[in-house]
Q: 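What follows is a structure written as structure tokens; I'll ask about it next.
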Amino acid sequence: MNFIHSIKFRFTLWYLVVLGILLVLLSTGVYFGLSHGLHNSLDDSLKLRALQLSNSKVGLLESISEGGFQEKLGEVVSLYFVSEDELIPIPARGVDVPTVDQMVMEAIEGNKSFATMNTSEGEELRLYAIPFTAKKPGLIPVRPRISSQLPSGALVVGRSTEDIDDALHGLRQILIISNLVTLAVAGAGGIFLARRALKPVDDIAQTTLEIEKSGDLSQRIPVNTKDELGRLATALNQMIERLEKAFKRQQQFTGDASHELRTPLAIIEAESTLALEKDRSAEEYRQSLETVTQEAENMSNIIDQLLALARADAGKEQLTFEEIQLDELLRDVASDADVLCREKGLKFEFGSIEDVTVRGDNSGLRQLFLNLLNNSIRYTPSGGSITISLAKEGNQAIASLTDTGIGIPEDEIPNVFERFYRVDKARSRADGGSGLGLAICKHIAEVHGGSVEVESRQGEGSTFSVRLPIA
Ligand code: ADP
């Protein structure tokens, strides 16, 4: 049942039907072409023979009567004369030739004609009749209608079509057998080829089913060819790879998010339990409540950022693109950060700032640069400095933020833009970091058609560069 519904079967069936029609057409053509040729050449030979006999110097009548033509296998020669309105046949070979009276009469009247007849023995004869006039009077036992004329009649030459029938019968058998063998071999070959050609499809279906059953997205479809099916398998493999990565990211994200939220909750719980254990002084209660408030703030911060990322992932961000003077936006953000820098004893400087206009979402870009500035302040010990600059490079604006902070170890650099990734977990958390800031920066830069890069040396400082297309 499965095989009958398979593409292999349908391919092979169609192929056999088309091949069968072609073979039948070709065979019919060959058969009828040959049959026509053989019958034509028989007719030609009869014409030639009739001409030869009618012009024969040797007495035709004597030859016929003496059976002179009997040796010629398959040939019959008959003469017919009309004597007093009676047709007198002089047949050869002593056989009764079932000549058509009509063709004899027509020949006597001067017309040549062909006819095909069956003998009483079932033999098929092709006959040719032509007018015939006796060369000498008295040789034949008839009197001409007009006594002064030589007796006239009809010469009928006939040959058996047995040879032609045999040849055509043989050809028919050869064609039938060879066509059947061709169809059988072509059918087997077709199934073999279809099976080979469609094997990759089976592999794809099998692997997909296995992945579906086991849920193991690390499996890949084997790619053995570079044809259309090979490309399909490669495309599916790429899709599975993307799904696998997305799935892993999601698992990691869920784990990280719950871990991030559990930590401040655990601190709040511990702090409250401790405060409630016994009566405390007002100062102790105040300290406990401050800790609880701080951790609640941290949680709310994480939840806000998580919501922003979830909205971004779902494509539900509300961004309003407009022309923005990037240099002004940077000065604005910097003035907010300046207070924080002073609080922490950091020097804040402007490098060269060019006038650049970009198209973007004002609050999104503001958040991007605030996140970067907060990080620089967070990870630069007091006494350090932070420099901000803006330059044009081709059709891109490059905003750079350089700090002389703790820097990032080289092998950690590729990971810092990942969600919840922190180089020093304890330090980041203590400083109010959630591990989501740079992931949000990267996302904002990307929706603006730009990117964020970092260059950093541990212990020496970092430079974060934001590239945005100029409006
Ligand atoms: P966090 O909230 O922990 O700062 P981010 O996503 O903003 O999370 O940053 C990820 C990690 O990258 C940080 O934990 C920190 O280790 C590192 N990092 C970010 N900015 C800087 C910087 N200016 N200097 C040194 N390290 C940085």
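Keep in mind the model is a prediction, meaning the values are calculated, not measured. In each ligand, atom 1 is the first atom listed, and ligand 1 is the first ligand listed. What's counted below: heavy atoms across the whole structure, side chains too, no hydrogens, waters or symmetry copies.
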Q: Phe464 to ligand 1: N or O pair under 3.5 Å?
A: no

Q: Which of the numbered atoms in ligand 1 are below 4.0 angstrom from a heavy atom of Ser434?
A: 1 (P), 2 (O)

Q: Arg378: heavy atom below 4.0 Å from ligand 1, yes or no?
A: yes

Q: Is Asp403 touching ligand 1 with its side chain, its backbone, both, or neither, if touching means heavy atoms under 4.0 Å apart?
A: side chain

Q: Side chains of Glu455 and Thr463: donor-acceptor distance under 3.5 Å anywhere?
A: no

Q: May I ask you to identify the nearest protein heavy atom to atom 12 (O) of ligand 1, giving residue, atom name and distance to one decimal place in Å?
A: Val416 CG1, 3.5 Å

Q: As a test of understanding, state which of Arg159, Lys112, Arg126, Arg49 forms a salt bridge (Lys or Arg N to Asp or Glu O under 4.0 Å) with Asp43.
A: Arg126

Q: With heavy-atom distances below 4.5 Å as the criterion, would you say the side chains of Leu468 and Leu365 are in contact?
A: yes

Q: Considering Glu412, Lys442, Arg422, Gln458, which one's heavy-atom position lies nearest to atom 14 (O) of ligand 1?
A: Arg422

Q: Number the atoms of ligand 1 from 1 as they appear, then name those within less than 4.0 Å of a heavy atom of Gly437, with their elements.
A: 5 (P), 6 (O), 7 (O)

Q: Does any N or O in the side chain of Asp403 come within less than 3.5 Å of the main-chain N or O of Ile386, such that one atom is a donor and the other an acceptor?
A: no

Q: Is there a donor-acceptor pair under 3.5 Å between the side chain of Glu284 and the backbone N or O of Ser281?
A: yes

Q: If we only count N/O pairs under 3.5 Å, is Gly435 in contact with ligand 1?
A: yes

Q: Gly405 near ligand 1, heavy-atom distance under 4.0 Å?
A: no

Q: Between Ser258 and Gly255, is there a donor-acceptor pair closer than 3.5 Å when you use the side chain of the first and the backbone of the second?
A: yes

Q: Does NZ or CZ of Arg359 fall inside the cone over Phe321's six-membered ring, less than 6.0 Å from its centre and within 45° of the axis?
A: no

Q: Do me a favour and list the nearest non-hydrogen protein atom to atom 7 (O) of ligand 1 with residue, atom name and distance?
A: Asn375 ND2, 2.8 Å

Q: To check your reading of the model: name the closest protein heavy atom to atom 26 (N) of ligand 1, its residue, and the distance in Å.
A: Ile408 CG1, 3.4 Å

Q: So does Gln252 have more than 12 non-hydrogen atoms from other groups sitting under 6.0 Å from CD?
A: no

Q: I need the nearest protein heavy-atom contact for atom 21 (C) of ligand 1: residue, atom name and distance, please.
A: Tyr379 CD1, 3.5 Å

Q: Please report which non-hydrogen protein atom sits nearest to atom 3 (O) of ligand 1, along with the residue it belongs to and the distance in Å to one decimal place.
A: Ser428 OG, 2.4 Å

Q: If you have a sec, work out which protein heavy atom is nearest atom 6 (O) of ligand 1 and how many Å separate them, to one decimal?
A: Leu438 N, 2.8 Å

Q: Roughly how far, to the nearest 0.5 Å, is the CZ atom of Arg220 from the CD atom of Glu241?
A: 5.0 Å

Q: For the ring pair Phe420 and His259, is the centre-to-centre distance below 6.0 Å?
A: no

Q: Heavy-atom pairs closer than 4.0 Å: do any link ligand 1 to the side chain of Val423, the backbone, both, or neither?
A: both

Q: Where is the nearest protein heavy atom to atom 10 (C) of ligand 1: which residue, which atom, and how far?
A: Tyr421 O, 3.2 Å

